[in-house]
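Position 1 is the first residue of the sequence; numbering continues from there.
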Amino acid sequence: FLPPLHLALVLPRDYPSSSPPRFTLSALWLDVEQLSLCAKALDKLWEDMAGNGVVFSWVEWLKHEAMALLGLDGNGYDGSDLEGGAPCLTLRPHGVKSAPA
C-alpha cells in the first residue's frame with residue numbers, strides 16, 4: 001500500500017460562492033512536480049465548478065483520477081489501495097497534527 005496523500009483545507013468565509021478552498025497537498029511518495037500537477041488539476045476543478053462546493057469532487061478526483069494523471073495507474077499499480085485497507089487519502093482539519101505512529 002502507498003503512504004497517505006494528505007489534503008489540508010481552509011474554507012474562506014465566501015466559499016463556495018466566490019473563493020475556492022485554500023489547500024495544501026503532501027505525500028511522501030510524490031515529488032514537487034507531481035504534487036504541482038495534482039494541485040493544478042484541483043484548481044481546474046474549482047474553475048469548472050466555481051460557485052459550487054468542490055471539496056467532495058476534489059476528494060473523489062484524488063482517489064480515482066490522480067494516479068492516471070501521474071502515470072501511476074499502470075506498470076503494476078492496480079489501485080487496490082483505493083478501495084480498502086489503509087487509505088491513500090486522509091483528511092484532517094487544517095493545523096491539526098497527526099499523532100505519531
Side-chain angles (χ1 to χ4, degrees):
F1 292 105
L2 294 171
L5 171 63
H6 295 275
L7 172 65
L9 299 167
V10 174
L11 301 177
R13 290 179 190 234
D14 59 352
Y15 170 81
S17 61
S18 300
S19 297
R22 292 187 311 264
F23 69 93
T24 57
L25 283 173
S26 60
L28 296 175
W29 50 279
L30 294 176
D31 63 29
V32 172
E33 183 178 319
Q34 292 169 315
L35 288 168
S36 179
L37 281 172
C38 289
K40 288 177 184 178
L42 297 184
D43 288 339
K44 173 78 169 94
L45 280 172
W46 165 256
E47 291 171 12
D48 293 345
M49 299 178 66
N52 296 300
V54 72
V55 173
F56 179 78
S57 296
W58 281 2
V59 171
E60 289 300 300
W61 186 88
L62 288 167
K63 285 172 61 177
H64 301 289
E65 305 295 330
M67 296 304 237
L69 174 73
L70 299 172
L72 301 174
D73 59 339
N75 300 325
Y77 175 73
D78 64 4
S80 60
D81 59 319
L82 298 176
E83 296 301 326
C88 181
L89 174 70
T90 59
L91 298 172
R92 64 178 185 268
H94 184 69
V96 176
K97 301 285 185 193
S98 295

What are the two closest non-hydrogen atoms of [X] and [Y], and how far apart are they?
| X | Y | value |
| --- | --- | --- |
| W29 | Q34 | O-OE1, 4.1 Å |
| L69 | L37 | CD2-O, 3.7 Å |
| S19 | P12 | CB-CG, 3.8 Å |
| M49 | G53 | CE-O, 3.4 Å |

Taken in chain and number order and not counting sequence neighbours, the residues that satisfy ring-ring contact (aromatic ring centres under 6.0 Å, His included) with Y15 are none
Nearest-0.5 Å distance that lies between atom [atom1] in [X] and atom [atom2] in [Y]:
| X | Y | atom1 | atom2 | result |
| --- | --- | --- | --- | --- |
| E65 | L45 | CD | CG | 9.5 Å |
| L9 | L42 | CG | CG | 9.0 Å |
| L25 | W58 | CG | CH2 | 8.5 Å |
| S57 | N52 | OG | CG | 9.0 Å |
| L35 | H6 | CG | NE2 | 11.5 Å |

Salt bridge (Lys or Arg N to Asp or Glu O under 4.0 Å) pairs touching residues 34-47, sequence neighbours excluded, are K44-D48
Applied to residues 4-24, the salt bridge (Lys or Arg N to Asp or Glu O under 4.0 Å) test, sequence neighbours excluded, yields none
Do [X] and [Y] come close enough that some side-chain heavy atom pair is under 4.5 Å?
| X | Y | answer |
| --- | --- | --- |
| V54 | P16 | no |
| D31 | L70 | no |
| V55 | L7 | no |

The side chain to side chain contact (heavy atoms under 4.5 Å, CB included) partners of A50 (sequence neighbours excluded) come to W46
